[in-house]
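In what follows, a structure is listed as structure tokens, so that the remarks can point back to it.
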Amino acid sequence: MPAVPAADKYDADDLLDLLRAHRELKHLRVRRHGALLTIESGPKADPISHARLRRLTKHLWTLEVATHMGAWQPTGQRALMPDLVRMLVQDFPWVLAPIG
């Protein structure tokens, strides 16, 4: 079984561009670690996690959302990055709302 490719700087930049296309999401930023792209806000020293995309293949990602307890909840959604961002904005808007 081939290894899942890590998320690279271009993936993080693409995700940030997709988020910034929505005026109300300017408070968000993207952090990458391995195959994960985490959407967060707040101070960098104490970030608030909102959601993350987990790379499955070169083009497919899954969507997970942060719970109020700091755990990750899979949504069961698997798609291309633009489709997951569209779904996140339309179907899970409270996940991306500013906190605090």
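Rounding to the nearest 0.5 angstrom, the gap separating the CZ atom in Arg54 from the OG1 atom in Thr62 is 6.0 Å. Here the straight-line distance linking atom CD of Glu40 with atom OG of Ser49 works out to 5.5 Å at 0.5 Å rounding. Between Asp14 atom CG and Lys9 atom NZ the span is 10.0 Å, to the nearest 0.5 Å.
Members clustered with Leu37: Leu15, Leu16, Leu18, Leu19, Leu25, Leu28, Val30, Ile39, Leu53, Trp61, Leu63, Val65, Met81, Leu84, Val85, Met87, Leu88, Val89, Phe92, Trp94, Val95, Leu96, by chain and number, using a 4.5 Å side-chain heavy-atom cutoff among hydrophobic residues.
The existence of a salt bridge linking Arg86 and Asp83 is confirmed by a sub-4.0 Å separation between a basic side-chain nitrogen and an acidic carboxylate oxygen. Comment: Asp11 engages Arg55 in a salt bridge, judged by a side-chain N to carboxylate O separation of less than 4.0 angstrom.
Residue Arg29 qualifies as enclosed at atom CZ: its count of foreign heavy atoms under 6.0 Å is above 12.
Judged as a salt bridge (charged side-chain N to carboxylate O under 4.0 Å, His left out), not a single pair has a partner in residues 41-50 (not counting sequence neighbours).
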Candidate pair Val4 and Leu56, rule side chain to side chain contact (heavy atoms under 4.5 Å, CB included), full reasoning: CA-CA 6 Å; Val4 175; Leu56 293 177; 5.9 Å; no
Steps toward side chain to side chain contact (heavy atoms under 4.5 Å, CB included) verdict (Glu64, Gln73): CA-CA 5 Å; Glu64 303 171 7; Gln73 179 69 44; over 6 Å; no
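Nearest heavy-atom pair, Pro5 versus Ala35, reported as atom, atom and distance to 0.1 Å: O-CB, 4.1 Å. For Trp72 against Arg52, the heavy-atom pair with the smallest separation is NE1-NH1, 3.2 Å.
Looking at His33 and Thr38, their side chains never bring a donor and an acceptor atom within 3.5 Å of each other.
Taking the side chain as every heavy atom from C-beta outward, Leu36 and Arg32 never approach each other to under 4.5 Å.
Judged by distance alone, with hydrogens and angles left aside, the side-chain atoms of Lys26 form a donor-acceptor pair with the main-chain N or O of Arg20 at under 3.5 Å.
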